[in-house]
Amino acid sequence: MIRSVSLLAVIALSACSTVPTRAQHDLIGTSRSDLIACAGVPDNRELLPDGEVLEWRQDAQVQGPLTIKTPLSFELDVGGHGTCHLVARLRQGRVAQIEYTGPSATLTGPYAACRPLVLACERRTHK
């Protein structure tokens, strides 16, 4: 029983970290309007000679999934914290590249803090 619960927990945690990685591939070719519809209005926009760059910021600390609290106000967080900036490069009105910046590593993976930024877009591509 404990073994199956552990396996299920590992699978669930790995699913959280794969969403941003999948989005780097799945969102290529997405139109600008579809990207804004699923990711929201970008926080920054930079026009380039060959297109534009849109940036979404997740600056609130995303906490990892494991915090141990004990009596006497002692807390131990082994999940880590992270923030994320989603950077999308567009050419001819379509996504050409997706990158992430910021200290986004948590226990669930290197891009786990980026998951909220791309989750709706990933769900849209897998309907």
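Sequence positions, counted from 1, serve as the residue numbers for this chain.
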J.: Atom CD1 of Ile36 and atom CH2 of Trp56: how far apart are they, to the nearest 0.5 Å?
T.: 6.0 Å

J.: In Å and rounded to the nearest 0.5 Å, what is the CG to CG distance from Leu54 to Leu47?
T.: 9.0 Å

J.: Sequence neighbours excluded, which residues qualify as salt bridge (charged side-chain N to carboxylate O under 4.0 Å, His left out) partners of Arg94?
T.: none

J.: Just grab all the salt bridge (Lys or Arg N to Asp or Glu O under 4.0 Å) pairs involving residues 28-39, residues at least two apart or on different chains.
T.: Arg32-Glu52

J.: Which residues pass the salt bridge (charged side-chain N to carboxylate O under 4.0 Å, His left out) test with Asp59, sequence neighbours left out?
T.: Arg57

J.: Decide yes or no on side-chain contact (heavy atoms from CB on, under 4.5 Å) for Cys84 and Leu117, but give the supporting numbers first.
T.: CA-CA 8 Å; Cys84 181; Leu117 294 174; 4.0 Å; yes

J.: Taking Tyr100 for its side chain and Pro20 for its backbone only, find out whether a donor-acceptor pair lies under 3.5 Å.
T.: yes

J.: Please report the interatomic distance CG(Leu86) to CZ(Arg115), rounded to the nearest 0.5 Å.
T.: 14.5 Å

J.: Nearest 0.5 Å, what's the CZ-CG distance between Arg45 and Leu90?
T.: 9.5 Å

J.: Taking it one step at a time, do His85 and Asn44 satisfy side-chain contact (heavy atoms from CB on, under 4.5 Å)?
T.: CA-CA 10 Å; His85 299 170; Asn44 292 314; over 6 Å; no

J.: Nearest 0.5 Å please: distance from the SG atom of Cys121 over to the CD1 atom of Ile98.
T.: 8.0 Å

J.: What residues, two or more places apart in sequence or in another chain, satisfy side chain to side chain contact (heavy atoms under 4.5 Å, CB included) together with Gln97?
T.: Arg89, Glu99

J.: Ignoring hydrogens, what is the shortest heavy-atom contact between Cys38 and Ala120? Give both atom names and the distance.
T.: O-CB, 3.4 Å

J.: For Asp43, is there any backbone N or O sitting under 3.5 Å from a side-chain donor or acceptor partner on Glu55?
T.: no

J.: Name all residues meeting the side chain to side chain contact (heavy atoms under 4.5 Å, CB included) criterion together with Ile28; count only those two or more places apart in sequence or in a different chain, and write none if there are none.
T.: Val95

J.: With a cutoff of under 4.5 Å between side-chain heavy atoms, which Ile, Leu, Val, Met, Phe, Trp and Tyr residues group with Val53?
T.: Leu48, Val87

J.: Apply the test side-chain contact (heavy atoms from CB on, under 4.5 Å) to residues Leu27 and Arg124: give CA-CA distance (whole Å), side-chain angles for both, the deciding distance (0.1 Å), then the verdict.
T.: CA-CA 10 Å; Leu27 298 182; Arg124 181 191 58 80; 4.2 Å; yes

J.: Please list, chain by chain and in numerical order, all residues satisfying side chain to side chain donor-acceptor pair (under 3.5 Å) with Glu46, sequence neighbours excluded.
T.: none

